[in-house]
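To keep things clear, I will list the structure first and then write my remarks on it.
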Amino acid sequence: KLPPGPKGHWLFGNAFQVPLRNPWEWFQTVGIQLNSEIISLDMFGKPMIVVNSQAAADELFGRRSTNFADRPTFPMINDLMGFDWNIAFMKYGERWKARRAIFRKTFQPPAIYDYKPNIERGARTLLKLLFEKPEDFPRWIRHSIGVIILSSTHGIDVRMDHDPYMDAAEKSTDALSHAITPGAFLVDSIPLLKYVPDWFPGAGFKIKAKEWKKAATRAPQITFDYAKGEIERGTNKPSVVSRYLKDLEENGTWSKEQEDAVRDASGVMVFAGTESAASSISTFLLAMVLHPEKQKKAQEAIDVAIGQERLPDFSDEGKIPYIEALSREVLRWRPVAPTGVPHYTNKPDHYQGYYIPANCLVIGNSWAILHDSAVYGADADDFNPDRFMTNGELNKDMPDVKATFGFGRRACAGQYMAELSLFMIAASILAVFDIKKPLDENGNEITPSDQYETGGILHPTPFKCRIIPRNDKAATLL
Ligand code: HEM
């Protein structure tokens, strides 16, 4: 029998019970009510499994990874909108493996460490921008993440305004956000709609899809063409693309397929990396506004570890455990993608006596895992970096927060870039600035809301804060 699930409508099943707002919290509540680590939902007659515990995730996505590493087909996103270059939506197979291998060779330790100087540079760019115009912080966060990622992937120096590569990446992200609006496009539920002719009444999605397809395919191509052009001109900076193409040439393994794979993989680094890393930095700032006492503790930890005479750099890794704890808590408290991207089974399976069918959607609920009160205690919903500390050190008995990066073979391919960037940006901002609540017209502090906008990627509802140099000396370090 299938894992337990809530009783649904005779025709639609549970499809209309799943809330559009924060469905991950509802999945968690249902699991607790039914006392089961995994639940099943009936979506218009088709089962969908949700995995709510780390133990079940480790077993299914981890130990039985080959059966849980596929993705469903996304006809709207891949076929109509032209995102088939994006490994996040690719079926498990040779094309995916070739692209994922590039991530492994370039964006994982030790190769990823080559990009630490770019991360430091991005963090310092952010400090300068925050000093000059603190109220525009959301824009500066995006810009500095763009500096880090595009310099690392394609050797591009991102321009301050109207950068063509950042603009192209943003347009393709916008296109996708339309496609994943729940219920907006029936075509993903009814793949045959793909073949409806453009003139057919109600076929508006096909016309929109054509516009978005241009945006979707343009971004990875123009960034790659730039990087390749720089190599041909001999003016390239070291980057994922330049290093990888050079290796292909030196090993005599260059081929058109390989070149396409590098274009796609580096394109996904920009596409998947910018929005998600920016979200984690926004959450960090919001948490600092809402929890001044944790902020103070973090600043003291930095002062003790490195003093106030210089800015943090990667030589400080491992020396400021409280910043590591704080970064972990940011990723746990508001996971960037609480239900990630759906996985898909290829063959039937069983878990704890329950049946998991073949060709079935399987959602890893990172939110439930990271907000499990059995692991994190009754205050699991609160922001509290101290939960990862013991006697001034990282508490080795606490689990890491890897669930925030998804599961098994499909787990986030940019995890190391994301973690290194968050650590460096958090440490740099706290070394220099106080993050304070905004003031009302009478000069009284107001507490911003801790609400989030719902969607594939979590973002705090736009909030205000005051970002002020901690002291005169701090400002001279910039
Ligand atoms: C705080 C930042 C980030 C978080 C929390 C995050 C989280 C995630 C999650 C939950 C998934 C889905 C995993 C699954 O299906 O089980 C994912 C996939 C992915 N992420 Fe990230 N991500 C972050 C940053 C990045 C960055 C910086 C990059 C690249 C530079 C990146 C590249 C990818 C790619 C390529 C995939 C698709 C993997 C595949 O399907 O094989 N991510 N990420």
Under 3.5 Å, side chain of Asn365 to main-chain N/O of Trp367, donor-acceptor pair present?
yes
Just checking, Arg328 and Phe388: is the charged tip under 6.0 Å from the six-membered ring centre and within 45° of the axis?
yes
Can you name the closest pair of heavy atoms from Phe383 and Trp333 and give their distance?
N-NE1, 3.7 Å
Cation-pi geometry met for Lys128 and Phe131 (6.0 Å, 45°):
no
Inter-residue atom distance Ser144.OG - Arg139.CZ, 0.5 Å rounding:
12.0 Å
What I'd like to find out is whether the side chain of Glu317 reaches to under 4.5 Å of the side chain of Leu420, using heavy atoms alone.
yes
How long is the gap from CZ on Arg121 to CG on Asp157, to the nearest 0.5 Å?
5.5 Å
Determine whether Asp386 and Lys297 satisfy the following criterion, salt bridge (Lys or Arg N to Asp or Glu O under 4.0 Å), listing intermediate values before the conclusion.
CA-CA 10 Å; Asp386 290 273; Lys297 220 167 163 177; 2.5 Å; yes
Residues Asp167, Arg159; criterion salt bridge (Lys or Arg N to Asp or Glu O under 4.0 Å); working and verdict:
CA-CA 10 Å; Asp167 286 355; Arg159 279 192 227 154; over 6 Å; no
Tell me, please, which residues at least two apart from Phe407 pass ring pair (Phe, Tyr, Trp, His ring centres under 6.0 Å).
Phe61
If you take the centroid of each ring, where Trp contributes its six-membered ring, are Tyr416 and Phe405 closer together than 6.0 Å?
no
Could you go step by step and tell me if Gln54 and Asp58 meet the side chain to side chain donor-acceptor pair (under 3.5 Å) rule?
CA-CA 6 Å; Gln54 184 71 57; Asp58 286 344; 2.9 Å; yes
Kindly compute the distance separating CD (Glu453) from OG1 (Thr461), expressed to the nearest 0.5 Å.
5.0 Å
When you check the side-chain N and O atoms of Arg409 and Tyr92, is any donor under 3.5 Å from an acceptor?
yes
Does any donor atom in the side chain of Ser266 or His154 lie under 3.5 Å from an acceptor atom in the other side chain?
yes
For residues Lys228 and Glu259, determine if any side-chain heavy atom of one lies less than 4.5 Å from a side-chain heavy atom of the other.
yes
Side-chain donor-acceptor contacts of residues 103-110 below 3.5 Å, not counting sequence neighbours, with atom names and distances?
from: Thr106; atom 1: OG1; to: Ile102; atom 2: O; distance (Å): 2.7

Is there a donor-acceptor pair under 3.5 Å between the side chain of Asn67 and the backbone N or O of Thr345?
no
Given 3.5 Å as the limit, does a donor-acceptor pair link the side chain of Gln295 with the main chain of Met288, or not?
yes
Would you say Asn52 and Gln28 are linked by a side-chain donor-acceptor pair, where the criterion is simply a distance under 3.5 Å?
no
Short side-chain to backbone donor-acceptor contact, Arg243 and Ala111, under 3.5 Å:
no
For Lys296 and Glu293, run salt bridge (Lys or Arg N to Asp or Glu O under 4.0 Å): C-alpha distance rounded to whole Å, both residues' side-chain angles, the deciding distance at 0.1 Å, then the answer.
CA-CA 5 Å; Lys296 196 149 183 291; Glu293 70 299 348; over 6 Å; no
Are Phe83 and Phe74 close enough, and set up right, to give a ring pair (Phe, Tyr, Trp, His ring centres under 6.0 Å), and what steps lead you there?
CA-CA 9 Å; Phe83 276 102; Phe74 295 102; over 10 Å; no
Arg332 and Glu329 ion-paired at < 4.0 Å
yes
Keeping Lys91 on the side-chain end and Arg71 on the backbone end, is there a donor-acceptor pair under 3.5 Å?
yes
Side-chain (Arg218) to main-chain (Ala168) donor-acceptor, under 3.5 angstrom:
no
Hey, could you give me the CZ/CG distance between Phe137 and Leu129, rounded to the nearest 0.5 Å?
13.5 Å
